Every structure is written in C-alpha cells, then in structure tokens.
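What follows is a short report on a single structure.
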Amino acid sequence: MGRGRWWGLVLAVAVAVVASTASQSKQDHLVSRIAFGSCSDQSDPQHIWNAINNFDPEVFIWLGDNIYGDIKHPFKLFGKERTIGPWKNIPRFTPSSKQEMEAKYKKAKTNPGYSRLRENTKVIGTWDDHDYGLNDAGKEFSEKITNQGLLLDFLDEPLDSPRRKQEGVYASYTFGPVSRQIKVILLDTRYHRDPLLSDGTFLGKSQWAWLEKELNGPASAITIIGSSVQVISNHSGATGPLFSFECWGRFPKERDHLFKLIADSKRDGVFFISGDVHFGEIARYDCATGYPLYDITSSGLTKAVEKAVPPPLHLILKFLAQLTPTTMRVMDRNCRYSSCTYGQPNFGAIEIDWDATPVTLKIEVRDINGFPVTGVKVPLLELQAGSVDPVAAIKAGEYQRHCSLEVTLPWLVRYRLAILFYGAVAVLLLALIGITSGAISISRRLLHKYKCD
C-alpha cells in the first residue's frame, strides 16, 4: 500500500471515530426538556411552533397524524357521491397517491417554525392513521410499505437504518448519561393492528417480542412509551353508541398484556404519551403495575375539536366534556377548565428537575402561547413499584377513581350522554308533533269559522 493511500485510510478512520464520538456525546447529553405533539394538518396555520421553539426542547416526539395524507370527502347524504347514510356509495376517506403524500410531507417539513425546531432539536416519531395513509386503517392497508419509507424520510432516518427494513416504524432511543437516562419507546399501532371490534392483536407478534425485550433491557431513570392512540382512557366505553375513539381500551386483552409486560419487567419510571383525539387531557391508572401509570394526551398541534365547530358551540363542547363519564382523567383545580380537557391546539411539555431531591417530573399540556392548561408534578419516587397498593387502595376507596374501568360504570352513568342525547331528540320530536298538531287544529278551526261566516 502506498504511503499516500495509507495516510488516506488513517484519516478516514480518524474522521469516523470523531463522528462516532460526537454522536455518542450528543446522546449522553443530559436531557431535561422534551416536547411532543400530534395531529398537524400541513394545510392549517402552524402558529404553535413558536411556543414549542420557545420551550426549547432537547427532544421533540411526533405521535402521529404528522400530516393528513388521506383525502377527506364532505358529508353527503344525497347526490351522485354519498358518503353517509343508508345509501352511502363511496368511502368518506380515500388514500392519496405517493406523489401527493410526498408533496404534503414536503409542505410540513419546510414550514419555517418546524424547520427552526429541526435545526436545534432531536426529532423522533411514529405515525397514526392519517400519515399511515387512511383513516382508522390497520394491517389491511395496501400502501403501508411505501408510506413507511415516506415517514422515515420525513424524520430524516438514515438510509441504512434497520428501521427501514423492519415491518413497522416502532423504535427506541436512550438519552442522557448513566443514572439519568431517559428511554423513549415508540410503538406502531397501525402496521400490524387487527380490525376494530375484533379484540385481536394491536402490535403484532414481532413488535410484542421487541417491546418485551426493550422493557427488560438496561434500566433507565425514566421510560416514556409513545402510543399514537390513548392507552389509559377508553372514552368509547362511555360515549357509545353516539361516537367512538380508537384506543387501547377497545382491545382489552392487548392492553392487559401491555400492563403485564410492564409489571413483569419491574421497570420503574414508566409513563405514556399519546395523541389522536383532537383534545388534551391527562389520565392515570393505579391498578396495573404497583405505581400510577400516567397517560398524557396532546392532540392536536393544529387539529382540535373546538376548531371543528363555530365559536358559539364551544360552550356546548365544554359542557359535554364535563358531562362525559371518566374514571381515569386526572382532575385538578389548576386545570384551565373544570373538565380538565382542552379542545384548542396544544402540545405536550415534559420537564425533569434532575437537581431536585427527589427528582421531579412536570408534565403539562400547553396552549398555542405556551401556557399550561392541565398538568401533573410527580416525584420520580412515586413511579416505583410499591408506591400504590391497588388492593388496599380499592378497599379504602382512595384510589377507586383510578382503578375502575369505564366499562364497569353503572349503565345510567356510563350511558348518560346517550340518554341525554336521545332524550333531547325525543323532547324535540314531541314538541314538533305538538306544534304541528296545534297548527293543524287551529287551521281547521279557522277554516270552519270561515265557512260558517
């Protein structure tokens, strides 16, 4: 080998070592601020990035619906193309082409606010249905392989990443130095999911095996499990038959298996973050692992329930949120609204005070200006096995609220929204019948009087 070629080889090895060391150093940097969010329509105003950038997170986590890639057709009961009703002849949502998906990702990625975040922050993420390619879709969706590549391009995943070769976009990351490490586990709730109502698999065999291995791996001070849909809350158990949400609660065997994996791993410091539902809330479950399991839902960055209706109806939505039965939601007097839900654009913010004794977690849902609307402050010691005895807690009644599932509520409580709705419809129908009957009666009398005259 010539001297020039030998020195070239040495230089290449040196550069590779320096790059590797720099990458490792970046991973070992202490992380104390993490932001997360979901449900961002690339065509909507993106003002919320200012608040996220001002929070200055070291890591940002996408929780799905990072773009709205599918095509949403308007509600039509009549006409040539009917999307609802007994004469429905086309689906409400249809997939976009690869070229259309690429254009939507490009628009999202080049947004100035998001571009600034990417320059200063490590961005990771998973997907949900609308960036997967079709509303509510699961393993049956035919374009999932193509769209997996598009998502990973959006996330700047290296071309040689194992994530590009596996079936699904699940992944894990570890940040921070030993003893102050944060492990982030991102689940794929789409690629392998069986149809809704099947109570089949949610993650698929390969992902379940991977998750078990991750949970039983090296310990970390904090473990964040990111799920595109809610893990703890099961609002469908209380809002049916009016409407339903996708969530782990609709696959009860799979959710029980998830809780068992966490409990069996004896892993402390675990909590969930989620999106999908177009409102923010915090839920808590005390009867799974021996310590409280929190699920912080932030949804969405641009999509939110109150943006979907005219402002005069916002008060009605707040009333319905207050009325919706919930056994898991964390209710706190510091919430902006009494329901402790938030129906405007929002993002999630996690702050870890590593210097406090004990180490303290502050997790909040924040509004478009960066102000908290609901949140919890938890000493890390509380997220350790044994901090809650569920049997004793239920007997004492102290933790009953965060142990009883929505589906176990008395039916009058569980279905009070449906009872209120159908009761209101019945009253309106009776009133309409009464008014119509009165009008007919008055018309007949007037007609009779007219004939007599």
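What's counted below: heavy atoms across the whole structure, side chains too, no hydrogens, waters or symmetry copies. Everything numeric in this text was worked out from a predicted model, so none of it was measured.
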Any ion pair linking Asp156 and Lys109 (charged N to carboxylate O, less than 4.0 Å)? yes
Just wondering, are more than 12 heavy atoms of other shown residues or ligands nearer than 6.0 Å to CD1 in Ile145? no
If the test is salt bridge (Lys or Arg N to Asp or Glu O under 4.0 Å), which one of Lys260, Lys266, Arg267 qualifies with Asp264? Lys260
Met331 and Ser339: which non-hydrogen atoms are nearest, and at how many Å? CE-O, 3.6 Å
Show your working on salt bridge (charged side-chain N to carboxylate O under 4.0 Å, His left out) between Glu143 and Lys98 and close with a plain yes or no. CA-CA 9 Å; Glu143 300 302 317; Lys98 180 183 178 182; over 6 Å; no
First locate atom CG of Leu30, then atom CD1 of Ile182, and finally report the distance between them rounded to the nearest 0.5 Å. 7.5 Å
State the NZ-CD1 distance between Lys362 and Ile352, to the nearest 0.5 angstrom. 11.5 Å
Nearest heavy-atom neighbours spanning Cys335 and Thr374: SG-OG1, 3.4 Å
Taking only Lys NZ, Arg NE, NH1 and NH2, and the carboxylate oxygens of Asp or Glu, determine whether Asp70 and Arg92 approach each other closer than 4.0 Å. no
Please verify the inter-ring angle class for Tyr132 with Trp127; under 30° counts as parallel, over 60° as perpendicular, anything in between as tilted. perpendicular
Closest heavy-atom pair, Ala304 versus Pro345, reported as atoms and distance to 0.1 Å, is CB-N, 3.7 Å
Do Glu364 and Phe55 come close enough that some side-chain heavy atom pair is under 4.5 Å? no
Are there over 12 heavy-atom neighbours, none belonging to Lys76, within less than 6.0 Å of that residue's NZ? no
Thr174 and Gln181: side-chain donor and acceptor closer than 3.5 Å? no
side-chain contact (heavy atoms from CB on, under 4.5 Å) assessment of Ser206 paired with Gln166: CA-CA 10 Å; Ser206 58; Gln166 69 185 25; over 6 Å; no
Are the side chains of His314 and Gln344 in touch, meaning some heavy atoms are under 4.5 Å apart? yes
Any side-chain heavy atom of Ile350 sitting closer than 4.5 Å to one from Ile224? yes
Taking 4.0 angstrom as the limit, do Asp56 and Arg33 come out as a salt bridge? yes
Name the orientation class of the two ring planes belonging to His130 and Phe93 (parallel below 30°, tilted from 30 to 60°, perpendicular beyond 60°). tilted
For Ser233, the option from Glu406, Arg284, Glu281, Arg329 that meets side chain to side chain donor-acceptor pair (under 3.5 Å): Glu281
Rounded to the nearest 0.5 Å, what separates atom CD1 in Ile185 from atom OH in Tyr173? 12.0 Å
How about Trp49 and Phe60: are their ring centroids closer than 6.0 Å? yes
To the nearest 0.5 Å, atom CG of Asp131 lies from atom CZ of Phe154 at 8.5 Å
Under 4.0 Å between a side-chain nitrogen and a carboxylate oxygen: does that hold for Glu167 and Lys139? no
Least distance between heavy atoms, Gln46 atom then Ser40 atom: OE1-OG, 3.4 Å
For a quick test of reading the model, state the closest non-hydrogen atom pair linking Asn53 to Gly113 and the distance between them. ND2-O, 3.0 Å
So do the side chains of Tyr105 and Asp153 get within less than 4.5 Å of each other, counting heavy atoms only? no
Quick one: pull up CD in Glu157 and CZ in Arg164 and give me the separation to the nearest 0.5 Å. 6.5 Å
Closest non-hydrogen atom pair, Ile222 against Phe271: CG2-CE2, 3.6 Å
Mind checking the CG-CG spacing from Asp194 to Asp199? Nearest 0.5 Å is all I need. 9.5 Å
Ring centre gap for Trp62 and Tyr114 strictly below 6.0 Å: yes
Quick check: do Phe251 and Arg255 have side-chain heavy atoms less than 4.5 Å from each other? no
Any side-chain heavy atom of Lys303 within less than 4.5 Å of one from Asp65? no
Only one of Glu254, His192, His257 clears side chain to side chain donor-acceptor pair (under 3.5 Å) with Trp208; which? Glu254
Between Asp129 (side chain only) and Asp136 (backbone N and O only), is there a donor and an acceptor less than 3.5 Å apart? yes
State, yes or no, whether a side-chain contact exists between Phe141 and Asn147 at a heavy-atom distance under 4.5 Å. yes
Apply the test side-chain contact (heavy atoms from CB on, under 4.5 Å) to residues Arg116 and Asn50: give CA-CA distance (whole Å), side-chain angles for both, the deciding distance (0.1 Å), then the verdict. CA-CA 9 Å; Arg116 184 154 62 97; Asn50 292 329; 3.8 Å; yes
Whether the Ser298 and Asn346 side chains hold a donor-acceptor pair (N or O, under 3.5 Å, no angle test) is what I'd like checked. yes
With side chains defined as the heavy atoms from C-beta onward, is the minimum distance between Pro292 and His402 less than 4.5 Å? no
With a cut-off of under 6.0 Å to the ring centre and 45° to the axis, is Lys122 in cation-pi contact with Phe175? no
Chi angles and distances behind the side-chain contact (heavy atoms from CB on, under 4.5 Å) call for Tyr285, Val231: CA-CA 10 Å; Tyr285 188 45; Val231 180; over 6 Å; no
Please determine whether the number of non-hydrogen atoms from other residues, nucleotides or ligands lying under 6.0 Å from atom NZ of Lys165 exceeds 12. yes
Mind running side-chain contact (heavy atoms from CB on, under 4.5 Å) on Gln207 and Tyr191 for me, showing each step along the way? CA-CA 10 Å; Gln207 188 175 182; Tyr191 200 100; over 6 Å; no
Enclosure of Phe319 CZ (heavy-atom neighbours >12, cutoff 6.0 Å): no
